Amino acid sequence: MAHFPIDRIRAEFPALAGPKPPIYLDNPAGTLVPRMVIDAVANAMATASNNLGGYFAASARAVDIVEKAHDSAAQFVGATSPAEMIVGPSMTNLTLHMSRSIGLLFNAGDEIIVTRMDHEGDVAPWLLMARDRGLVVKWLPFNRETWRLEPEDLRGLLTERTRLVALNYASNLTGSINDIAALTAVAKSVDALVYVDAVQYVPHHLPDVVKLGCDFLACSSYKFFGPHLAVLWGRKVLLERMEAYKCRCASDALPDKYETGTPQTELQAGLSAAAEYAASLGAGGETLRERMLAGYRAFNIYEDDLTRQLITGLQSIKGITIHGITNLNELAHRVPTISFTHAAIQTHDFAQGLAHQDICVWSGHNYAMELVRQLGLGEDLGVVRVGIAHYNTAEEVDRALNAIDSIIQKRLRTI
């Protein structure tokens with residue numbers, strides 16, 4: 001196991017306090033929150049729970065918090081300006097909101113492409129947009145051999161009328177990481193806009209929107225150790241050009257025109273603290289972004305070790321099928337989210353049995369409805385999803401594997 005100060009890291013998370021805390025392997029649905037984020041939220045509620053734009057000190061403090069949060073959001077995705085960052089309650093909410101503005105750029109008969117791999121939050125908004133604007137929807141399947149979206153498959157769907165391609169950076173069910181830069185290059189061959197769901201990618205790697213070449217990228221801070229917020233990066237020229245659905249008296253400046261209503265100032269304080277937490281995990285770097293990258297590098301190796309342990313352990317249990325990349329030489333193509341089914345035992349039975357042992361996992365389609373359909377799995381059952389974060393331990397993975405095996409043995413004796 002790679003050296004990593006896991007005891008110090010775990011001490012940062014109040015949810016992990018006590019002699020035998022629960023085992024949180026539900027991380028793809030939302031990670032735990034470190035003390036510094038909790039403190040930042042509480043402090044902002046105590047000292048800056050005021051609206052923006054006033055002449056008094058508390059309002060000025062709230063403005064400072066919101067401005068810092070947008071800058072922190074820009075560091076997470078590699079944006080060149082905080083004006084390109086839109087903050088909202090969730091990725092799904094932001095995508096539904098933004099899809100209305102994007103849809104105004106298109107005409108009836110234009111085409112959009114969505115994938116069979118995405119979370120429903122990056123599918124349903126575009127289907128609704130297509131319905132409302134009279135657009136043609138095409139579906140991009142994932143390759144069952146590579147478990148990824150392949151550029152050549154995308155190329156075969158493009159026409160001169162393709163206007164938008166919605167992609168996911170990493171699957172919330174199989175864990176597969178897609179080559180967004182290559183896929184974007186293909187989409188740009190017909191000048192299509194590219195919208196990227198990076199919700200599952202950012203907890204494990206930092207994207208660089210400049211290098212990717214996409215037009216929009218969304219992620220959720222509660223997936224990367226922050227509060228229940230999401231951030232959306234958009235290319236500035238597009239954000240300026242598009243019409244925003246907003247109140248008449250709201251500003252036309254960026255990013256204000258896309259941020260409806262009073263901001264969750266206290267949660268935005270937590271967003272900035274999440275960036276500082278990531279930066280605290282590594283060593284070196286002058287800018288916040290450089291320190292965050294160092295922090296991510298510090299825990300990537302550790303997470304890879306836990307992923308190997310989990311995949312190897314599941315493969316040793318008879319009857320289990322892992323749905324995703326299992327080649328241990330290809331961990332660079334996946335995040336540590338592992339989903340499985342069993343030949344004789346339903347997924348929800350595993351989730352319930354593990355919950356009784358204080359081990360937290362998810363079962364079902366996990367909002368990856370099209371992915372479950374392409375796999376031929378029942379939507380009501382889906383998969384058992386186990387997701388690792390850098391505060392998990394090898395001991396926890398072993399306990400989870402033993403618990404999974406014991407559930408199987410107990411159930412098989414009753415069949």
Side-chain angles (χ1 to χ4, degrees), residues 6 10 13 15-16 18 20-33 119-120 147 170-176 199-200 203-204 220 222-225 302-326 331 334-369 371-372 375 377-412:
I6 186 61
R10 286 174 67 85
F13 292 85
L16 298 176
K20 194 175 181 181
I23 297 176
Y24 294 97
L25 295 171
D26 60 330
N27 299 297
T31 56
L32 301 179
V33 181
H119 184 282
E120 187 68 5
W147 291 97
S171 169
N172 76 315
L173 193 143
T174 68
S176 303
V199 169
Q200 296 296 322
H204 309 286
S220 300
Y222 67 96
K223 310 284 188 177
F224 50 82
F225 324 106
Y302 178 78
E303 285 188 343
D304 282 350
D305 285 340
L306 294 183
T307 305
R308 292 187 187 94
Q309 179 187 357
L310 179 57
I311 290 175
T312 301
L314 287 173
Q315 287 179 317
S316 70
I317 301 175
K318 186 176 180 181
I320 280 183
T321 298
I322 297 175
H323 301 281
I325 295 170
T326 57
L331 294 187
R334 65 141 52 247
V335 295
T337 296
I338 291 89
S339 293
F340 69 88
T341 54
H342 188 273
I345 301 172
Q346 292 188 354
T347 58
H348 302 316
D349 292 337
F350 280 107
Q352 291 176 347
L354 290 169
H356 290 155
Q357 300 182 56
D358 237 1
I359 301 172
C360 309
V361 302
W362 284 97
S363 58
H365 58 62
N366 297 284
Y367 275 68
M369 294 172 57
L371 193 155
V372 167
L375 290 175
L377 303 173
E379 289 180 32
D380 56 334
L381 296 176
V383 298
V384 183
R385 186 178 70 176
V386 183
I388 289 168
H390 67 267
Y391 46 66
N392 291 125
T393 67
E395 179 186 5
E396 289 181 327
V397 173
D398 274 339
R399 284 176 56 193
L401 288 168
N402 290 334
I404 290 168
D405 189 51
S406 68
I407 290 169
I408 294 172
Q409 299 308 317
K410 181 179 180 179
R411 184 56 56 89
L412 290 180

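From a predicted model like this one, the values you see are computed outputs, not experimental measurements.
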Heavy-atom closest pair (Val199 atom, Ser220 atom, distance to 0.1 Å) is CG2-OG, 3.7 Å

Any sub-3.5 Å donor-acceptor pair from Asn366's side-chain atoms to Gly364's backbone N or O? yes

d(His365 NE2, Leu375 CG) to nearest 0.5 Å is 13.5 Å

The reported gap from CD1 in Ile338 to CG in Leu173 (rounded to nearest 0.5 angstrom) is 11.0 Å

Across all chains, not counting sequence neighbours, the ring pair (Phe, Tyr, Trp, His ring centres under 6.0 Å) partners of Tyr24 are none

Correct closest heavy-atom pair for Ile388 and Val397 would be CD1-CG2, 4.5 Å

Heavy atoms of Ile311 and Ile322 approach each other most closely as O-CD1, 3.9 Å

Sorted by chain and number, sequence neighbours left out, ring pair (Phe, Tyr, Trp, His ring centres under 6.0 Å) with His119 holds for Tyr367

Contacts of Val33 meeting side chain to side chain contact (heavy atoms under 4.5 Å, CB included) (sequence neighbours excluded), chain-then-number -> Val37, Ile38

| task | Check whether any side-chain N or O of Glu303 sits under 3.5 Å from a backbone N or O of His204 as a donor-acceptor pair, and report yes or no. | result | no

From the list Ile359, Ile345, Ile320, side-chain contact (heavy atoms from CB on, under 4.5 Å) partner of Ile404 resolves to Ile320

Note: Gly382 and Leu377 closest approach over all heavy atoms is O-CD1, 3.9 Å

Those residues at least two apart in sequence (or on a different chain) that pass side chain to side chain donor-acceptor pair (under 3.5 Å) with Gln315 are none

Residue pairs meeting salt bridge (Lys or Arg N to Asp or Glu O under 4.0 Å), one or both in residues 341-360, sequence neighbours left out, come to Asp349-Arg411

Residue pairs passing the side-chain hydrogen bond (donor to acceptor under 3.5 Å, both in side chains) test with at least one member in residues 335-347, sequence neighbours excluded, are His323-Thr341

Applying side chain to side chain contact (heavy atoms under 4.5 Å, CB included) to Ala170 and not counting sequence neighbours gives Ile177, Gln200, Tyr201, Val335

Residues pairing under salt bridge (Lys or Arg N to Asp or Glu O under 4.0 Å) where one sits in residues 384-410, two or more places apart or in two chains, turn out to be Arg10-Glu396

Item to check | Whether Asp305 side chain and Tyr302 backbone form a donor-acceptor pair below 3.5 Å | outcome: no

When rounded to the nearest 0.5 Å, the distance separating OG1 of Thr326 from CZ of Phe340 is 14.5 Å

For residues 311-320, the salt bridge (Lys or Arg N to Asp or Glu O under 4.0 Å) pairs (sequence neighbours left out) are none

Heavy-atom nearest pair, Ala29 first then Tyr222, reads O-CE1, 3.5 Å

(Q) The test is side chain to side chain contact (heavy atoms under 4.5 Å, CB included); show your working for Ile325 and Thr174 and say whether it passes. (A) CA-CA 7 Å; Ile325 295 170; Thr174 68; over 6 Å; no

Using a 4.5 Å cut-off on heavy atoms from C-beta on, say whether the side chain of Leu354 contacts that of Ile407.
yes

Pro28 and Gly387 have their tightest heavy-atom pair at CD-CA, 3.5 Å

**Message:** Within the supplied structure, the quantity of interest is the number of heavy atoms (other residues, nucleotides, ligands) at a distance under 6.0 Å from Trp147 CH2; does it exceed 12?
**Reply:** yes

Residues passing the side chain to side chain contact (heavy atoms under 4.5 Å, CB included) test with Thr31, sequence neighbours excluded, are Asn27, Phe225, Tyr391

| said: Within the structure provided, determine whether Ser171 and Leu371 are in side-chain contact (heavy-atom separation under 4.5 Å). | reply: yes

